[in-house]
Amino acid sequence: MKALLLAVLLAATPAAATTVRDLAWMAGDRSVGDVHEVWLDGGDLLLGASVTVMDGKAVEREFMRVGHAPGGGIAFFAEVPGQPVTVFMLKSFAHGRAVFENPTHDFPQRVIYWNAGRGKVGARIEGTIQGEPHGQEWLFQPAP
């Protein structure tokens, strides 16, 4: 029983003990369908940009960063043109899966990234809209 408890405790890395370097696997140039995402590894800062292109035109874009929050901890900062920066605090990190949350944001309330192996990165946004659960998920492949 003690061995099982120890294994469970060691398997989950508390968000407070996580560093930005632990998320360096996010760095890279990836795409899926019409969505392209690039992350640059800045050591203690990850810088990202995302663009959705349809019929040769950018229809959505977002600038992102993962770094230290002013009040402490690690956060995902999302900036959509014309809107203020939204901060999602890192709530959990285990097994290459980072969950960022901002329960007061309209949608999404959670941004999730995971290391899918072989250069692939999964991403998901989720939350509620008018009390109904919604989500969208991508599996980004390394860009050619």
(request) For N102, enumerate each residue passing the side-chain hydrogen bond (donor to acceptor under 3.5 Å, both in side chains) test, keeping only those at least two apart in sequence or located in another chain. (result) T104

(request) Give the minimum heavy-atom separation between S31 and H36, together with the two atoms involved. (result) CB-ND1, 3.4 Å

(request) Output, in order, the C-alpha distance, side-chain angles, deciding distance and verdict of side chain to side chain contact (heavy atoms under 4.5 Å, CB included) for F140 and V35. (result) CA-CA 9 Å; F140 289 100; V35 182; 3.7 Å; yes

(request) Please round to the nearest 0.5 Å and tell me the distance separating atom CE of M89 and atom CZ of F100. (result) 9.5 Å

Check residues 38-45 and write down every donor-acceptor pair under 3.5 Å in which the side-chain atom is one partner and the other belongs to a residue at least two apart or another chain.
from	atom 1	to	atom 2	distance (Å)
W39	NE1	E37	OE2	2.8
D41	OD1	R21	NH1	2.7
D41	OD1	G43	N	2.9
D41	OD2	R21	NH1	2.9

(message) Enumerate the salt bridge (Lys or Arg N to Asp or Glu O under 4.0 Å) contacts for residues 94-107, please, sequence neighbours excluded, ordered by first and then second residue.
(response) none

(request) Indicate, with yes or no, if I112 and I74 share a hydrophobic cluster defined by side-chain heavy-atom contacts under 4.5 Å among Ile, Leu, Val, Met, Phe, Trp and Tyr. (result) no

(request) Give the C-alpha distance, both sets of side-chain angles, the deciding distance and a yes or no for side chain to side chain contact (heavy atoms under 4.5 Å, CB included) between R30 and V32. (result) CA-CA 7 Å; R30 298 176 186 87; V32 58; over 6 Å; no

(request) Go through N115 and H95 one step at a time and tell me if the side-chain hydrogen bond (donor to acceptor under 3.5 Å, both in side chains) criterion holds. (result) CA-CA 8 Å; N115 185 347; H95 309 291; over 6 Å; no

(request) State yes or no: do W25 and L46 share one hydrophobic cluster built from I, L, V, M, F, W and Y residues joined by side-chain heavy-atom distances below 4.5 Å, directly or via other members? (result) yes

(message) Could you measure the distance from the CE atom of M26 to the OH atom of Y113? Nearest 0.5 Å is fine.
(response) 5.0 Å

(request) Output, in order, the C-alpha distance, side-chain angles, deciding distance and verdict of side chain to side chain contact (heavy atoms under 4.5 Å, CB included) for L90 and V99. (result) CA-CA 6 Å; L90 181 65; V99 178; 5.7 Å; no

(message) Taking the side chain as everything from C-beta on, heavy atoms only, tell me whether P81 gets closer than 4.5 Å to R61.
(response) yes

(request) With sequence neighbours left out, write down each residue that passes side chain to side chain contact (heavy atoms under 4.5 Å, CB included) with A78, or none if nothing qualifies. (result) E62, F76, F88

(message) Nearest 0.5 Å, please: how far is CZ in F77 from CG in L47?
(response) 11.0 Å

(request) List for me each residue that meets ring pair (Phe, Tyr, Trp, His ring centres under 6.0 Å) alongside H134, sequence neighbours excluded, and say none if there are none. (result) none

(request) Nearest 0.5 Å please: distance from the CG atom of L23 over to the CH2 atom of W114. (result) 14.5 Å

Review item, side-chain donor-acceptor pairs of residues 118-131, under 3.5 Å, at least two apart:
from	atom 1	to	atom 2	distance (Å)
R124	NE	E126	OE1	2.6
R124	NH1	E137	OE1	3.4
E126	OE2	R110	NE	2.8

